[in-house]
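Take a look at the structure below.
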Amino acid sequence: MYGDGGAPEEREKTVEDELPAIGTSGLANVIGYHLRLAQEASFTAYARRVGDTHIWPGWYSLLRIIHDNPGINQTELSLAAGRDKSTLTTSLRELGKAELVEKERDSKDRRNIRLSLSAKGEEQLAKLEAHALAHDREIDRIVGSDRRAMFLDILKRLATQL
């Protein structure tokens with residue numbers, strides 16, 4: 001079809017045009033597959049925004065939870081972050097090496113370790129927070145700020161009910 005200039009009209013791109021050209025048609029309507037792709041795309045975009053290759057995208061949420069709950073233990077952090085305790089151990093070790101998190105034994109139960117942010121951790125969180133807010137604005141642009149509350153509600157229901 002030709003418009004006023006005689007050139008072929010470009011059709012509007014669809015989401016399907018953006019998917020890989022390899023055979024994924026069997027997954028075209030599989031929600032879990034697209035949730036995973038969205039998570040990977042979000043982590044990649046956030047990491048690109050942060051730019052520091054020594055900062056993992058998942059650190060922001062861990063630092064934020066520890067900041068909001070000084071003295072939280074690893075089990076509580078695992079539950080709040082929705083991460084397996086064993087994978088969390090690796091992240092906490094790296095956060096410790098980066099001197100972002102301080103560990104202190106609980107005075108009542110010496111087996112229990114309490115976590116808090118170091119001054120360096122607070123500084124890093126402030127930087128990551130700015131990136132997270134900008135990243136959220138980009139997601140709002142894609143999802144539509146008018147659909148943000150609905151989108152968050154759906155994600156929260158998926159996380160709590162599955």
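Start at 1 with the first residue, then count along the sequence.
Not counting sequence neighbours, Tyr60 has no partner by the ring pair (Phe, Tyr, Trp, His ring centres under 6.0 Å) test. Shown here are the salt bridge (charged side-chain N to carboxylate O under 4.0 Å, His left out) partners of Glu129, two or more places apart in sequence or in another chain: Arg64. Taking Arg137 as the reference, Leu133, Ala134 meet the side chain to side chain contact (heavy atoms under 4.5 Å, CB included) condition, with sequence neighbours excluded. In this structure, the side chain to side chain donor-acceptor pair (under 3.5 Å) partners of Ser91, at least two apart in sequence or on a different chain, are Arg83. Annotation: ring pair (Phe, Tyr, Trp, His ring centres under 6.0 Å) contacts of His131 (sequence neighbours excluded): none. Taking Asp84 as the reference, Ser86, Thr87 meet the side chain to side chain contact (heavy atoms under 4.5 Å, CB included) condition, with sequence neighbours excluded. Residues that satisfy the side chain to side chain contact (heavy atoms under 4.5 Å, CB included) test with Glu76, not counting sequence neighbours, are Ile72, Asn73, Arg114. Residues that satisfy the side chain to side chain contact (heavy atoms under 4.5 Å, CB included) test with Gln124, not counting sequence neighbours, are Ile55, Leu63, Leu100, Lys127, Leu128.
Residue pairs meeting the ring-ring contact (aromatic ring centres under 6.0 Å, His included) criterion with at least one partner in residues 133-162, sequence neighbours excluded, are Tyr46-His135. Sorted by first and then second residue, the ring-ring contact (aromatic ring centres under 6.0 Å, His included) pairs with a member in residues 82-102 form an empty list; sequence neighbours excluded. Legend: ring-ring contact (aromatic ring centres under 6.0 Å, His included) pairs involving residues 61-82, not counting sequence neighbours: none detected. The salt bridge (charged side-chain N to carboxylate O under 4.0 Å, His left out) pairs that include a residue from residues 38-49 are Arg36-Glu40, where partners are two or more places apart or lie in different chains.
Cluster membership check: Leu35 shares its hydrophobic cluster with Ile154, using side-chain heavy-atom separations under 4.5 Å among Ile, Leu, Val, Met, Phe, Trp and Tyr.
A distance of 4.5 Å separates CG of Leu92 from CG of Leu88, quoted to the nearest 0.5 Å. Summarising the geometry, atom CD1 belonging to Ile66 is positioned 5.0 Å from atom CG belonging to Leu77; distances are rounded to the nearest 0.5 Å. One distance of note links CG of Leu125 with CD of Glu123; it measures 11.0 Å at 0.5 Å rounding.
Other residues, nucleotides and ligands contribute only 12 or fewer heavy atoms inside 6.0 Å of the CD atom of Glu104. Shown here is Asp146, whose CG atom has more than 12 heavy atoms of other residues, nucleotides or ligands within 6.0 Å.
A 4.5 Å side-chain heavy-atom check between Leu115 and Lys103 finds at least one atom pair inside the cut-off. For the pair Glu102/Leu117, no side-chain contact is recorded, criterion being any heavy-atom separation below 4.5 Å from C-beta on. A 4.5 Å side-chain heavy-atom check between Met150 and Val143 finds every atom pair outside the cut-off.
Between Gln74 and Thr89, the side chains place a donor N or O and an acceptor N or O closer than 3.5 Å (distance only, hydrogens not considered).
The minimum heavy-atom distance linking Ile139 with Ser42 is given by the pair CD1-OG, 4.1 Å. The minimum heavy-atom distance linking Ala81 with Leu62 is given by the pair CB-CD2, 3.8 Å.
With salt bridges taken as basic N to acidic carboxylate O contacts below 4.0 Å, one links Glu138 and Arg141. A salt bridge links Arg111 and Asp109; the closest N-O separation between the charged side-chain nitrogens and carboxylate oxygens is under 4.0 Å.
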